[in-house]
Amino acid sequence: MKYVIGVDLGTSAVKTLLVARDGTVAAEASREYPLYHDKSGWSEQDPEDWVKGTIDALQALVRESGADPADIEGLSFSGQMHGLVLLDADNRPVRRAILWNDTRTTEQCREIERTLGDRLLKVTRNPALEGFTLPKLLWVRQQEPESYAKARCFVLPKDYLRFRLNGQIRMDLSDAAGTLLLDVAGKRWSDEVLRAFELPADLCPPLVEAGAQTGTLTAEAAEATGLSADTRVFAGGADNACGAIGAGILKPGLTLCSIGTSGVVLTHEPDASADYAGKVHFFNHGKEDAFYAMGVTLAAGYSMSWFRNAFAKGESYDTLLAGVDEIAPGSGGLLFTPYLVGERTPHANAAIRASFIGVDGSHTRTHFARAVMEGITFSLNESVDLFRKAGKTVSTIVSIGGGAKNPTWLQMQADIFQADVVSMENEQGPGLGAAMLAATGCGWFPSLDACAEAFVKRAKTYRPDAGRAERYEALFRIYQQVYAQTREMNQALSAFRS
Ligand SMILES: Nc1ncnc2c1ncn2[C@@H]1O[C@H](COP(=O)(O)OP(=O)(O)O)[C@@H](O)[C@H]1O
Ligand SMILES: O=C(CO)[C@@H](O)[C@H](O)COP(=O)(O)O
């Protein structure tokens, strides 16, 4: 049997999948790594932790599957987006990576808007948001000039990981789209943006398609992982692009919901003609010449993991969420907004923070757990709502990510989104999407679409219940008021955050 590997470099962990030629997942291995929040709004990781975790996970994958390394033909990547990894002349990181959910760059975002005006949206197709890469580059240049002086090139998280496995510095278009330095429709680095900020063109790595082969494993990487040095390495893509591939979102009319650390609602765009006026992100897909639009909830799964770590440390999600299905929609009048680290869609605001509204003496921890699930899903529904208002039909949503492991949450998504929600046999869509890029690159299939026919396996469809949907519609209208009602208070409270 021949195999490929998909490596998903997530925010909470790296997840590796060994996938056989018929699309069956033969083995899985993952390793967690820490997040550093040294100050309020900061979020960093050590690139060395990604490399160690991945090598460890790959070793375990090869060892525990018993697969012959010679039969593992290709490997590709899916990665958390936007994180800035600045490299020195020897390609060593000059500081820790600043991640997608780090919001320290509000000032730099305003500077980008002032400098580029309406050209920003025209060229990069996106507004200036704290999570994107360009504001982070400007922050390091202004705040840590000694680190910036050492920097020769920047890459994104999975590009650094790939470099450590194949020795080549490259960036794929789907990830480059989230830097605010790419001419998204033209598929090239924007000279105009680089010039406007006096950034040298060679700071940007060579661009490739997500499906392009970028060499093979180095001898050292092969030795460390137990893989063969002949294993072909394919560039891979942004986790949301790969999640879309792994869920079969390869043609118009299909929508994805992913609840990982972040949460996204994403629709396929066949070309760059759609204009959402910057209300949602607009990026290059991992499928050549296609695009996607998406709304992002910054703290989706992160709200659940925060809740667990703060109030039930050490418990499994299954234990934490036991009993939530016995509580009626609305959690007994308890509402949660998931703005733990600020928000992106529909409220681009780094200063907003989360709330529980309506706490009652009768509420138990289970009410709080259900309210957290509902609040995250209401936030994602703001993106569904935005797409519907822009004229998209959203009737079937494929749901992936850690949040899709819980059947009550999947039914809740159907009831709140008022759409059929489809789960996958394997909820690890981004890793599967990465494996599909490798499988197609190895020539197993003539196209990603053909690969999807064999690899994308739907498990169950959750249909909305009319009664619950009606109740949630009323609750959603109340939920939508919380942002405006708490914005000023949170702005004032920001002075008290450390
Ligand atoms: N069994 C579960 N039930 C409900 N939610 C879960 C479960 N397992 C994981 N999650 C949620 O999924 C999140 C992790 O999802 P994952 O897709 O692995 O994230 P990432 O790609 O960002 O590392 C956790 O933060 C948690 O909120
Ligand atoms: O910032 C974004 C998308 O714009 C995030 O979706 C990151 O790409 C991280 O993803 P997860 O770790 O939550 O999968």
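Ligands are counted one by one from 1 in listed order, and the atoms in each one are counted from 1 as well.
Between Y462 and W409, the ring centre distance reaches or exceeds 6.0 Å. A centroid separation of less than 6.0 Å is found between the aromatic rings of H347 and Y483. Proximity of the aromatic rings of F282 and F291 is defined here by a centroid distance below 6.0 angstrom, and this criterion is met. Remark: aromatic rings of H82 and F132 are close, center separation under 6.0 Å.
Nearest to atom 22 (O) of ligand 1 among the protein's heavy atoms is T261 OG1, 2.5 Å. At the top of the distance list for atom 10 (O) of ligand 2, counting protein heavy atoms only, stands D239 OD2, 2.7 Å. Ranking the protein heavy atoms by distance from atom 1 (O) of ligand 2 puts R344 NH2, 2.9 Å first. The single protein non-hydrogen atom nearest to atom 13 (C) of ligand 1 is G260 O, 3.9 Å, given as residue, atom name and distance. Looking from atom 4 (O) of ligand 2 to the surrounding protein, the closest heavy atom is H82 NE2, 2.6 Å. Of all protein heavy atoms, the one lying nearest to atom 17 (O) of ligand 1 is G402 N, 3.1 Å. Looking at atom 5 (C) of ligand 2, its nearest protein heavy atom turns out to be S262 OG, 3.4 Å. The closest protein non-hydrogen atom to atom 25 (O) of ligand 1 is G301 O, 3.0 Å. In this structure, the protein non-hydrogen atom closest to atom 12 (O) of ligand 2 is T11 OG1, 2.5 Å.
Near M294, with a cut-off below 4.0 Å to any heavy atom, the atoms of ligand 2 are 3 (C), 4 (O). Each of the atoms 23 (O) of ligand 1 lies under 4.0 Å from some heavy atom of A13. Applying the 4.0 Å criterion to heavy atoms of K405 picks out, from ligand 1, the atoms 1 (N), 2 (C), 8 (N). Proximity to H281 (heavy-atom distance under 4.0 Å) selects the following atoms of ligand 2: 4 (O). Listed by number with element, the atoms of ligand 1 under 4.0 angstrom from any heavy atom of M304 are 27 (O).
Of the candidates Y317, W306, W409, it is Y317 that places a heavy atom closest to atom 26 (C) of ligand 1. Nearest-residue assignment for atom 1 (N) of ligand 1 (options N406, D318, I259; heavy-atom criterion): D318.
Here's the thing with G79: none of its N/O atoms is less than 3.5 angstrom from an N/O atom of ligand 2. Backbone and side-chain nitrogen or oxygen atoms of G10 are examined, and none is located within less than 3.5 angstrom of a nitrogen or oxygen of ligand 1. At under 3.5 Å, not a single nitrogen or oxygen of W100, backbone or side chain, sits near a nitrogen or oxygen of ligand 2.
Within the 4.0 Å heavy-atom criterion, neither part of N101 lies near ligand 2. Heavy atoms of S258 found under 4.0 angstrom from ligand 1: none, in either backbone or side chain. Only the side chain of K15 comes within 4.0 Å of ligand 1, counting heavy atoms alone; its backbone N, CA, C and O stay farther away. Contact annotation for D239 and ligand 1: no heavy atom of the residue comes within less than 4.0 Å of the ligand.
Here E209 pairs with K187 under the salt bridge (Lys or Arg N to Asp or Glu O under 4.0 Å) rule; sequence neighbours left out. For F336, the ring-ring contact (aromatic ring centres under 6.0 Å, His included) test picks out F356, with sequence neighbours left out.
At least one donor-acceptor pair under 3.5 Å links the side chain of S65 to the backbone N or O of V62.
Distance check: E288 CD to L173 CG gives 8.5 Å after rounding to the nearest 0.5 Å.
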